[in-house]
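Note sheet for the following structure.
All residue numbers refer to positions in the sequence shown, counting from 1.
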Amino acid sequence: MNEQHSAHERCDILIIGAGPAGLAAALAAAPSGASITIVDDNPQPGGQIWRDGPQVALPALAQQHRAALARHTNIRLLPGTRVVGLGDAQAGDKTPALLLEDADRGWTQHSHRIVLCTGARELLLPFPGWTLPGVTGAGALQALIKAGLDVHGQRIVIAGTGPLLLAAAATATKAGATVVRVAEQAPWSALAGFAAQLPLWPAKALQALTLLHPRFRASSHVLEVQGTTQVQTVRLRKGQHAEETMACDRVACGFGLVPNTHLGQMLGCALGGPFSGGQGLAVDAQMRTSVPGVFAAGEATGFGGSERALVQGAMAGHAAAGQVQQAQALRPQLARWEGFAQVLQASFPLNETLKTLAQPGTLVCRCEDVPYAALAEREGWIDAKLHTRCGMGACQGRICGAAAQHLFGWTPAPPRHLLAPARIGTLAACTPAPTTSAQREPAAPSG
C-alpha cells in the first residue's frame, strides 16, 4: 500500500454521497478543520439533480458548491468510488469501517463520524411491456439525456406521478424530443390543492409555471406498453373508464421515490420519518441516526426537494463537526422546507389501481425473470427469494424489492455485509468485519 493511499484511509468525517446534501455537509464541516472525505460513485459531484454531462448547463448554485468545495484543502473528494460493504474496524474507530472500491483498488476507510447522504431512487412498478427497450424511469430518462442520449425527433410519453414528470418532459423537450403525453395518476383536485399552496414557496411556484406542459393530463396512468423489439405504442387510462393508445418511441415512468437506506440499515440505523412513508432513515433534531456517530441527510431521510436536502446536509455537517449551535440555527429553514415536503407527500399518493397493472406473466424481478404469478402465491420476501430467486440478481432487489413492497406489502431484508458485487481482489485485501448485535437485530435472514 503506497503512502498516498494510506494517508486518506482514515478521516474525521466520512460523507457518503456528493449530491446537494453531501456537498452542504462537507462545506458546513470544513471550517472546523476536520479532515473530510466524500465518496460518490459518479464521476462528478452533484448527485442526480445536479448531474453533469455533455448536454448539461449546471445551475449557478451547483457551480458555487463545486467551487467552494475546491477551496477547502481539508476536503478530499473520491469520485467513481462506491461503498461495497463493511470493513474491518480497528482499535480507536468510533464508527463502523467501510469497504470502498474504485476502478483501481479496494480498501477499508476508517472515520470518526459518518454522514449518509445516499439519496433516493425511482419507484418502478411493473406493467405489461415495462421491460421493452425504450421504457425507462422518468428520472432515468433525464440522466440518459444529460449523459448524451440523442432523443431528437423522438416521440416520448412520460407517466407516473409527482413534479419529476414535468421536469423530465422539460429536459426531453429541450433535447429536441416531442413529448406527446404527460400522464399524471393524481386527480385534478389533488393537483389544484397542491398548486394553491405553492405561493408559500415562491421559487417553487415560479418553477411550476415554467414547467407547465400542454400535453399534461391528470387522472391518467399507463396500462401497457406494446411493441416487438422496442416500444411502438402505449395504452393509457383516461379518467375512470376511458383509454387512449398513442404511438411513441419511448416511455418514461416514475411513480415516486424510494430512499436509499441499504447502507444505513446495514450499519444498524433505524427507519422512520414523516416524509417517506416510514421508509427513510430516522434522524433526530441534529440529524443523528440511531447509531452513535452516524448522521443522515437528504432524501435518504425523506423527500422534499434539493432545498430541504441542502439544509439537512448543512445541519448534519455542523453536528458531525461538533458545531451544535450552528446546526440548531438552521432549524427554522428546515421547518420551512419540511412544510413543502408535507404538502408534496399529501398531494401525490399512489392510486390503488396501480397495484393491478401487472398480469400473471408480467416480470417483477427483471434480473432473474420472475413473473408476478410466481410471487403472488408466496408469503413474504424471504419466501419469495427461497422459491424464485427474486431479488438475487445484479440489482440485489433494489428494483423488485420496492415493487414487491408496494404490490404485496413485503419488507425486503437489509443486506448483511455486502451492498454490491465487488472484485475478488477487493475482498481478499480486506478482512470482513464481524456482525454485531446492533447490526443483527433490524435484519431478517436474507436467505
Ring pair (Phe, Tyr, Trp, His ring centres under 6.0 Å) between Phe303 and Phe340, intermediate numbers included: CA-CA 10 Å; Phe303 316 123; Phe340 175 74; over 10 Å; no

Sub-6.0 Å ring centroid separation between Trp188 and Phe216: yes

Atom pair OG1/CE of Thr233 and Met246 - distance to nearest 0.5 Å: 11.0 Å

Reported CG-to-CD1 distance for the pair Leu14 and Ile36, which is rounded to 0.5 angstrom: 11.0 Å

Residues that Arg366 engages under salt bridge (Lys or Arg N to Asp or Glu O under 4.0 Å), provided they are two or more places apart: none

Set of salt bridge (Lys or Arg N to Asp or Glu O under 4.0 Å) partners for Lys174, sequence neighbours left out: none

Sequence neighbours excluded, every pair satisfying salt bridge (charged side-chain N to carboxylate O under 4.0 Å, His left out) that has a member inside residues 20-30: none

Pairwise distance NE2(His262) to CG(Leu116) - rounded to 0.5 angstrom: 13.5 Å

Output field: ring centroids Phe255/Phe348 closer than 6.0 Å: no

Side-chain donor-acceptor contact under 3.5 Å, Ser111 with Thr95: yes

Any residue meeting ring-ring contact (aromatic ring centres under 6.0 Å, His included) with His221, in chain and number order, not counting sequence neighbours: none

Smallest separation among heavy atoms of Ala172 and Val179, with atom names: CB-CG2, 4.0 Å

OG1 on Thr136 to CD on Glu122, rounded to 0.5 Å: 7.5 Å

Residues 274-287 side chain polar contacts: donor-acceptor under 3.5 Å, at least two apart:
{"unit_1": "Ser276", "atom_1": "OG", "unit_2": "Gln279", "atom_2": "N", "d": "3.3"}
{"unit_1": "Ser276", "atom_1": "OG", "unit_2": "Gly280", "atom_2": "N", "d": "2.7"}
{"unit_1": "Asp284", "atom_1": "OD1", "unit_2": "Gln286", "atom_2": "N", "d": "2.8"}
{"unit_1": "Asp284", "atom_1": "OD1", "unit_2": "Met287", "atom_2": "N", "d": "3.2"}
{"unit_1": "Asp284", "atom_1": "OD1", "unit_2": "Arg288", "atom_2": "N", "d": "2.9"}
{"unit_1": "Asp284", "atom_1": "OD2", "unit_2": "Arg288", "atom_2": "NE", "d": "2.8"}
{"unit_1": "Asp284", "atom_1": "OD2", "unit_2": "Arg288", "atom_2": "NH2", "d": "3.1"}
{"unit_1": "Gln286", "atom_1": "NE2", "unit_2": "Gln328", "atom_2": "OE1", "d": "2.5"}

All pairs passing salt bridge (charged side-chain N to carboxylate O under 4.0 Å, His left out) where residues 181-198 contributes a residue, at least two apart: Arg181-Glu244

Gln342 CD: over 12 foreign heavy atoms closer than 6.0 Å: no

Residues that Asp52 engages under salt bridge (Lys or Arg N to Asp or Glu O under 4.0 Å), provided they are two or more places apart: Arg66

Just distance, no hydrogens or angles: give the donor-acceptor pairs under 3.5 Å from side chains in residues 389-402, sequence neighbours left out.
{"unit_1": "Arg389", "atom_1": "NE", "unit_2": "Glu368", "atom_2": "OE1", "d": "3.2"}
{"unit_1": "Gln396", "atom_1": "NE2", "unit_2": "Gly393", "atom_2": "O", "d": "2.8"}
{"unit_1": "Arg398", "atom_1": "NH1", "unit_2": "Cys395", "atom_2": "O", "d": "3.2"}
{"unit_1": "Arg398", "atom_1": "NH1", "unit_2": "Leu419", "atom_2": "O", "d": "3.4"}
{"unit_1": "Arg398", "atom_1": "NH2", "unit_2": "Leu419", "atom_2": "O", "d": "3.1"}

Any residue meeting salt bridge (Lys or Arg N to Asp or Glu O under 4.0 Å) with Asp249, in chain and number order, not counting sequence neighbours: Arg155

Acceptor/donor pairs from residues 310-318 side chains to any protein atom, 3.5 angstrom cut, sequence neighbours excluded:
{"unit_1": "Gln312", "atom_1": "OE1", "unit_2": "Gly298", "atom_2": "N", "d": "2.8"}
{"unit_1": "Gln312", "atom_1": "OE1", "unit_2": "Thr301", "atom_2": "OG1", "d": "2.9"}
{"unit_1": "Gln312", "atom_1": "NE2", "unit_2": "Thr301", "atom_2": "OG1", "d": "3.4"}
{"unit_1": "His318", "atom_1": "ND1", "unit_2": "Gln323", "atom_2": "OE1", "d": "2.6"}

Sidechain N-carboxylate O distance under 4.0 Å for Arg336, Glu307: no

Salt bridge (charged side-chain N to carboxylate O under 4.0 Å, His left out) pairs, two or more places apart, involving residues 217-234: Glu224-Arg235

Residue pairs passing the salt bridge (charged side-chain N to carboxylate O under 4.0 Å, His left out) test where at least one lies in residues 369-381, sequence neighbours excluded: Arg378-Asp383

Atom pair CG (Leu141) and CG (Leu165), whose distance is rounded to the nearest 0.5 Å: 11.0 Å

Point-to-point distance, once rounded to the nearest 0.5 Å, from SG of Cys253 to CG of Leu123: 11.0 Å

